[in-house]
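Scroll down for the structure; my scribbles are underneath it.
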Amino acid sequence: GCIPSIVGSRLRGLSEPPCQARFGWAASGADYPHYCFPNRIPWKDFPEVSESEFIAKNGDQVLQQQVFSQYDTTKKQELRTMMMQMREGWIYGWGDPVTSTSFGQVHRYLWEEFEKLVA
């Protein structure tokens with residue numbers, strides 16, 4: 001299975017090369033990251049690789065050296081399990097977008113995040 005990995009530091013609210021703060025994206029700083037569902041997903045547990053290295057070198061090689069060979073089987077399974085538990089948080093709904101009555105959990109997760117922000 002896959003190992004969820006983060007390429008670059010943008011989601012942490014930083015603007016490190018080759019990133020440029022433009023096109024609707026602004027660096028917000030580490031205190032205001034861009035991760036979704038931060039109260040449900042411990043993003044600090046996921047591996048992050050340098051975007052500039054990923055681009056300059058073979059991306060597969062960077063992932064192999066910095067992620068796949070550094071995490072043991074137990075840690076890899078923990079990361080996969082976290083993402084599997086969140087799978088419905090990425091789904092708005094199934095079927096026709098106009099007539100569907102089968103929904104994922106994204107609306108609930110977003111509402112819970114909003115409630116935590118205003119509490």
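Note that this is a predicted model, so its numbers are computed, not measured. Note that these values count all heavy atoms, side chains included, but never hydrogens, waters or copies made by symmetry.
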Worksheet, complete the sentence: For V62 and E53 the tightest heavy-atom approach is CG2-O, 3.6 Å

Worksheet item: What orientation do W43 and F46 show, parallel under 30°, tilted 30 to 60°, or perpendicular over 60°?
Response: tilted

Worksheet item: Is it true that V106 and F103 fall in one hydrophobic cluster, defined by side-chain heavy atoms closer than 4.5 Å?
Response: no

Between [atom1] on residue [X] and [atom2] on residue [Y], distance to nearest 0.5 Å:
X    : Y    : atom1 : atom2 : answer
I41  : Y109 : CD1   : OH    : 9.0 Å
F54  : E51  : CZ    : CD    : 9.0 Å
W111 : Q105 : CH2   : CD    : 15.5 Å
L79  : T74  : CG    : OG1   : 11.0 Å

Discussion item. Before you tell me yes or no, could you show the steps for T81 and Q77 under side-chain contact (heavy atoms from CB on, under 4.5 Å), namely the whole-Å CA-CA distance, both residues' side-chain angles and the distance that decides it to 0.1 Å?
Written reply: CA-CA 6 Å; T81 299; Q77 189 55 46; 3.3 Å; yes

Item to complete: Apply the test side-chain contact (heavy atoms from CB on, under 4.5 Å) to residues K76 and R80: give CA-CA distance (whole Å), side-chain angles for both, the deciding distance (0.1 Å), then the verdict.
Response: CA-CA 6 Å; K76 291 174 187 175; R80 290 181 188 122; 3.8 Å; yes

Worksheet item: Within the side chain of S69, is there an N or O that forms a donor-acceptor pair under 3.5 Å with the backbone of Q64?
Response: yes

Practice prompt. Would you check if the side chain of R40 reaches a backbone N or O of F37 as a donor-acceptor pair within less than 3.5 Å?
Written response: no

Item to complete: Determine whether the side chains of Q70 and Q65 contain a donor N or O and an acceptor N or O closer than 3.5 Å.
Response: no

Worksheet entry | Distance-only side-chain donor-acceptor flag, S100 / S102, under 3.5 Å | no

Worksheet entry | L110/E113 under side-chain contact (heavy atoms from CB on, under 4.5 Å): CA gap, chis, key distance, verdict | CA-CA 5 Å; L110 287 171; E113 293 295 327; 5.6 Å; no

Worksheet item: Between V49 and I6, is a side-chain contact (heavy atoms from CB on, under 4.5 Å) present by the stated rule, with each step listed?
Response: CA-CA 6 Å; V49 297; I6 301 165; over 6 Å; no

Discussion item. Between K116 and E112 (salt bridge meaning N to carboxylate O under 4.0 Å), is one present in this structure?
Written reply: no

Worksheet item: Between V7 and S50, is any pair of side-chain heavy atoms under 4.5 Å apart?
Response: no

